[in-house]
Amino acid sequence: MPKPADMHQHLRRGALLHLVAPMVARRFSKAIVMPNTVPPITTYEMVRQYLLEIKLATNSEYRSGKPDFWPLMTMYLTDTLEPHELRAGLDQKLVFGVKYYPRGLTTNSDSGIADPASLWSKGTKPYAVLRELADYNAVLLLHAADGFATDLWNNEGRFYGPGEELDPWDQEPHFICNTLPRIREAHPDLKISVEHLSTAIGADWLRTHGGDTLGCSLTAQHLLLDRRDVFRQGFRPHRFWWPIIQSSEHKEELCKLVAEGHPFVWLGSDSAPHPVGKKETDCCSGGVLMAHAGIELFLEAFEDIGCLHKLEDFACVNGPRFYDLKPSDLYITLVREEWSVAEAFYAEDMSEESGGLDKVVPFRLGESIRWKLVD
Ligand SMILES: [Zn+2]
């Protein structure tokens, strides 16, 4: 298949970056690089520095003047992100979007937006940043979750009062019903990508409103698992992500969305490695290393759904087109051959992001995967 594009990737920094980046570069021609590192990527200079680190870690080869792996940088939307810092990145064509994190709801989101209303309230910095994005036809990437109900809200019989904390399984539905329409209304010309879509109501919304200015990325984990898999015989930290895995009804709707072959639905692995000390602990971090089988797991999911013939558009064409990019003219080869994820990975020194431990447990450790990347 043509070398695909991963539109949602956490490469991390330091030794983790050196562990993960080569896995990604082997499988993907480009990747949207998430900015929630420590510290978050909020200036043009930080973008340049991080890009340099990634290029060193991937050791990308240049064939006829083109790299075989292209990191597509993003900036972290904070309450104070300066529009001129973004403009510098957009002008240099290093930055392709800005990522919205709701404060406190996922990994390294402490610098995220305190009040989503600042996205649609004129006069705020985030509003100015969104206008800048729209002017450049660049993308707002949304971690589509709210922590608290904004109004009286009823989600399939669960009632919330204003300000009430949301059930984790209701965070995305609340955002889709209450927050996303307000952002769209305030910025109808802005390209928006709903990241790692995880719910039936999200699938429905995309079906109705998806198009040139609205799309979504989907992970393999949300197509392969339902919440029984996360809690079977006990809580499984290495199957825990934000957004949380939903019930089978939601998974089926996401599989249906993929099988329908919409041009506004694309691959975003959301590979998000953590040292084992941050997973097997009192407060388990969301996210798991997927990059060791970043495309293989999508082949498995699409084969299960019965729509392997739809994979190429999903993985290679749709995402790049939304970001005004061309699909890769490089190829990778996969064979249908079972292999087992036999061992955990180790990084030499993960002091920047770890609790001092250096082991990373990949998805499916001790289990097998049906598709294998060759050469
Ligand atoms: Zn992510």
Side-chain angles (χ1 to χ4, degrees), residues 5-13 16-17 19-21 23-24 27-28 30-42 50 54 71-78 95-113 139-147 168 171-172 175-176 192-199 202 215-225 230 237-246 254 265-275 278-279 284-295 297-298 319 322-323 353 360 362-363:
D6 186 348
M7 308 315 278
H8 189 124
Q9 174 64 238
H10 296 269
L11 290 177
R12 308 297 195 212
R13 296 187 95 161
L16 256 187
L17 168 64
L19 173 72
V20 172
M23 298 176 184
V24 178
R27 290 167 175 83
F28 294 99
K30 37 184 109 54
I32 292 278
V33 179
M34 289 296 139
N36 62 333
T37 51
V38 182
I41 306 296
T42 53
Y50 190 21
I54 295 168
L72 310 170
M73 309 306 284
T74 59
M75 288 174 91
Y76 190 123
L77 185 61
T78 65
V95 171
F96 291 80
V98 164
K99 178 75 188 290
Y100 164 80
Y101 291 97
R103 186 174 295 180
L105 291 192
T106 186
T107 302
N108 299 337
S109 61
D110 298 348
S111 312
I113 295 294
V139 178
L140 173 66
L141 299 98
L142 293 173
H143 184 109
D146 288 318
Q171 289 177 351
E172 184 179 295
F175 187 97
I176 298 284
I192 292 177
S193 170
V194 178
E195 295 300 291
H196 37 55
L197 193 76
S198 68
T199 59
C216 68
S217 66
L218 271 175
T219 74
Q221 55 269 29
H222 289 97
L223 297 173
L224 287 165
L225 305 178
V230 183
H238 305 295
R239 294 179 190 171
F240 174 63
W241 290 265
W242 294 117
I244 199 160
I245 301 288
Q246 296 268 350
L254 298 175
V265 179
W266 51 80
L267 183 156
S269 75
D270 199 13
S271 175
H274 291 283
K278 287 205 169 174
K279 296 295 290 177
C284 172
S285 294
V288 178
L289 175 67
M290 310 297 281
H292 63 300
I295 186 62
L297 290 160
F298 282 98
F322 194 72
Y323 287 80
E353 297 215 346
V360 179
F363 182 61

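In listed order, ligands and their atoms are each counted from 1. For clarity, every value in this text was computed on a predicted model and none was experimentally measured.
- Note that CZ of Arg27 and CD1 of Ile295 are 9.5 Å apart. Values are rounded to the nearest 0.5 Å.
- Every residue meeting the side-chain contact (heavy atoms from CB on, under 4.5 Å) condition with Ile54, not counting sequence neighbours, appears here in chain and number order: Leu11, Leu17, Val33, Tyr50, Thr58, Phe69, Pro71, Met73.
- Put simply, the side chain of Leu72 does not reach to within 4.5 Å of the side chain of Tyr323, judged on heavy atoms.
- Atom CG of Leu225 is separated from atom CH2 of Trp241 by 5.0 Å, given to the nearest 0.5 angstrom.
- Using a 4.5 Å heavy-atom threshold, the side chains of His143 and Thr106 count as touching.
- Here Gln246 contributes atom CD and Leu254 contributes atom CG; the two are 8.5 Å apart, rounded to the nearest 0.5 Å.
- Protein atoms that are N, O or S and lie under 2.8 Å from the Zn ion (ligand 1) are these: His8 NE2, His10 NE2, Asp270 OD1.
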